[in-house]
Amino acid sequence: MMANGMDTVVQQNGGSNLGQSSQEESKTNLIVNYLPQTMTQEEIRSLFSSIGEVESCKLIRDKVTGQSLGYGFVNYHRPEDAEKAINTLNGLRLQNKTIKVSYARPSSEAIKGANLYVSGLPKNMTQQDLESLFNPYGRIITSRILCDNITGLSKGVGFIRFDQRVEAERAIQELNGTIPKGSTEPITVKFANNPSNNSKAIPPLAAYLTPQATRRFGGPIHHPTGRFRYIPLSPLSRYSPLAGDLLTNSMLPGNAMNGSGWCIFVYNLAPETEENVLWQLFGPFGAVQSVKVIRDLQTNKCKGFGFVTMTNYEEAVVAIQSLNGYTLGNRVLQVSFKTNKSKAA
DNA sequence: CGACGGGACGC
DNA sequence: CGACGGGACGC
């Protein structure tokens, strides 16, 4: 059952997923929001499979462009795995996103179009204040106040997503044009635009057509820093730099690199280490395809090391340089590209 | 000091 | 003044 509800990270997502209302219908089915744009369905499956056996996994994509819509569904066989996924993966940082993992509601027409746009909010109103204001009208799924990117101050604009559209309608009727306690200006409450009709922020068509834009599908150009020099090296790939300190000639394709990614060796992990630790460590640096904690077959304890496969060389290099020497608990990690030690080649 | 998996295409 | 997130219900 729901553990506590209070021990889950209380962050951006205000609305409690583990609310009082019973989740009888969906104890195994999860919705995952705020996924990185480049994350594939298989990478999502890999991430959630580290918790338990996944029955099905679906990344929602735009019907015409094929672009990820940034959310998906993961259904487990066992309810306890779904609960553990919420407890350990909700709030995980992956690339430039913080994912949200919560129970999926049964799909229905009644829950669609329940998102409200609120403007005219007093600048000192917090997310909690906003929720308190809308709470009387229904079950809040998410809330958010927009802040200026530079100053971090509230823009006086926010969103409230209710569970049911009728709840949103009632909130409009009751709150639109009213003046919040302690404020002097009336607020505007109306249905939010549909993100799919995005009339804004359309990337210039040229961006799709330039020959240089050969990066993988919609990749969010997320250049590391530029303090690294990348020198093309023949047989490996065009991304391969010289970086003699990281990639030596003894590292042949098939070791650090296999056709679809770069394998990283992580040493000095604690015996109790689980896969989600590796996701937490490497996820922020870029696309992670898979992680593996190596365990002793008898004790089932981690043997002190594991592997992480990342898609892009540049991101792998930054991850290695950032995490090598990083202190995790009371252990100093050693992180490098995988070599082919062990049982003689 | 210690240290680099594992399952597995395809006849 | 207006302002539309971090693509939230199976695209």
Side-chain angles (χ1 to χ4, degrees), chain A residues 11-13 15 17 26 29-37 41 56-75 93-121 127 141-149 154-163 185 187-188 190-201 218 251 255-256 258 263-269 290-297 302-309 333-343 345:
Chain A
Q11 32 133 22
Q12 307 297 18
N13 36 348
N17 317 314
S26 62
N29 197 25
L30 303 176
I31 184 168
V32 187
N33 290 292
Y34 313 126
L35 292 163
Q37 179 59 236
Q41 182 166 291
S56 65
C57 171
K58 179 155 191 190
L59 172 63
I60 306 304
R61 296 180 174 277
D62 183 284
K63 179 171 30 178
V64 304
T65 69
Q67 298 254 359
S68 165
L69 293 186
Y71 70 96
F73 298 87
V74 174
N75 193 26
R93 288 188 304 282
L94 294 178
Q95 301 178 42
N96 56 338
K97 299 291 180 71
T98 299
I99 69 170
K100 179 177 177 184
V101 182
S102 56
Y103 286 112
R105 293 170 287 163
S107 188
S108 83
E109 285 303 312
I111 67 175
K112 295 181 181 175
N115 198 23
L116 295 178
Y117 172 83
V118 188
S119 59
L121 298 169
Q127 184 183 17
I141 300 300
T142 54
S143 68
R144 181 174 169 81
I145 287 181
L146 301 189
C147 295
D148 184 279
N149 286 332
S154 167
K155 294 165 81 172
V157 169
F159 294 87
I160 290 277
R161 182 185 301 277
F162 277 107
D163 181 44
E185 300 301 318
I187 61 172
T188 298
K190 58 192 201 180
F191 284 113
N193 295 161
N194 187 332
S196 55
N197 314 334
N198 61 344
S199 50
K200 71 145 209 168
M251 298 178 186
N255 296 324
N258 64 57
C263 191
I264 297 168
F265 174 66
V266 187
Y267 180 73
N268 211 15
L269 298 171
S290 64
V291 307
K292 179 79 174 179
V293 172
I294 304 305
R295 295 182 170 86
D296 181 279
L297 291 169
C302 175
K303 290 165 73 173
F305 63 94
F307 298 95
V308 174
T309 300
L333 299 184
Q334 294 176 42
V335 182
S336 64
F337 280 115
K338 178 189 188 313
T339 66
N340 59 352
K341 290 189 184 174
S342 84
K343 350 187 164 170

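Residue numbers begin at 1 in each chain, while the letters A, B, ... track the order of the sequences.
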Closest heavy-atom pair and its distance - [X], [Y]:
X	Y	result
A:Ile187	A:Gly120	CG2-O, 3.6 Å
A:Ala104	A:Ser26	O-OG, 2.8 Å
A:Leu269	A:Cys302	CB-SG, 3.9 Å

Checklist entry - Stepwise, does the side-chain contact (heavy atoms from CB on, under 4.5 Å) test hold for A:Ile60 with A:Phe73? => result CA-CA 8 Å; A:Ile60 306 304; A:Phe73 298 87; 4.0 Å; yes

Output yes when at least one side-chain N/O atom of [X] is less than 4.0 Å from OP1 or OP2 of [N], else no.
X	N	answer
A:Lys63	C:dG10	no
A:Lys112	C:dG10	yes
A:Arg144	C:dC4	no
A:Arg105	C:dA8	no

What is the separation between atom [atom1] on [X] and atom [atom2] on [N], rounded to the nearest whole Å?
X	N	atom1	atom2	answer
A:Phe73	C:dG7	CZ	P	16 Å
A:Asn33	C:dG7	CG	P	10 Å
A:Asn75	C:dC9	CG	P	18 Å
A:Leu94	C:dG7	CG	P	14 Å
A:Lys292	B:dA8	NZ	P	11 Å
A:Phe265	B:dC4	CZ	P	6 Å
A:Asn29	C:dC9	CG	P	14 Å
A:Asn193	C:dA3	CG	P	9 Å

Checklist entry - Should the pair A:Tyr267 and A:Phe265 be assigned to parallel (<30°), tilted (30 to 60°) or perpendicular (>60°) ring geometry? => result parallel

Nearest to the side chain of [X], which nucleotide is it out of [options]?
X	options	result
A:Thr98	C:dG6, C:dA8, B:dG5	C:dG6
A:Ile141	C:dA8, C:dG10, C:dG7	C:dA8
A:Tyr117	B:dA3, C:dC9, C:dA3	C:dA3
A:Thr339	C:dG6, B:dC4, C:dA8	B:dC4
A:Ser336	C:dG6, C:dC9, B:dC4	B:dC4
A:Tyr267	C:dG6, B:dG2, C:dG7	B:dG2
A:Ser119	C:dA8, C:dA3, C:dC4	C:dA3

Checklist entry - Does C:dA8 have A:Tyr71 stacked on its base, where the ring centres are within less than 5.5 Å and the planes differ by under 30°? => result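 Aromatic stack with C:dA8 absent for A:Tyr71.
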
Next on the checklist: Determine whether the aromatic ring of A:Phe307 stacks with the base of B:dG5, defined as ring centroids separated by less than 5.5 Å and ring planes inclined by less than 30°.
Outcome noted: yes

Checklist entry - Does B:dC9 sit syn or anti, given that only angles within 90° of 0 count as syn? => result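 Classified syn.
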
Checklist entry - Any idea if B:dG2 is syn or anti, going by the 90°-from-0 cut? => result syn

Checklist entry - For atom P, what is the distance between C:dG10 and C:dG6, given to the nearest Å? => result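 Straight-line distance between the two P atoms is 22 Å.
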
Using a heavy-atom cut-off of under 4.0 Å over every strand shown, decide if [X] touches base, sugar-phosphate, or nothing.
X	answer
A:Phe305	sugar-phosphate
A:Asn149	nothing
A:Ile60	base
A:Gly158	nothing

Checklist entry - About how many Å separate NZ of A:Lys100 and CG of A:Asn33, when rounded to the nearest 0.5 Å? => result 6.5 Å

Checklist entry - Mapping A:Gln334 and A:Lys303 onto DNA chain B by nearest heavy atom, which one lands closer to the 5' end? => result A:Gln334

Checklist entry - With side chains defined as the heavy atoms from C-beta onward, is the minimum distance between A:Tyr117 and A:Val157 less than 4.5 Å? => result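 They are in contact (side-chain heavy atoms under 4.5 Å apart), so the answer is yes.
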
Checklist outcome for this item: When A:Lys58 and A:Leu35 are each assigned the nearest nucleotide of DNA chain C, the 5'-most assignment goes to A:Leu35

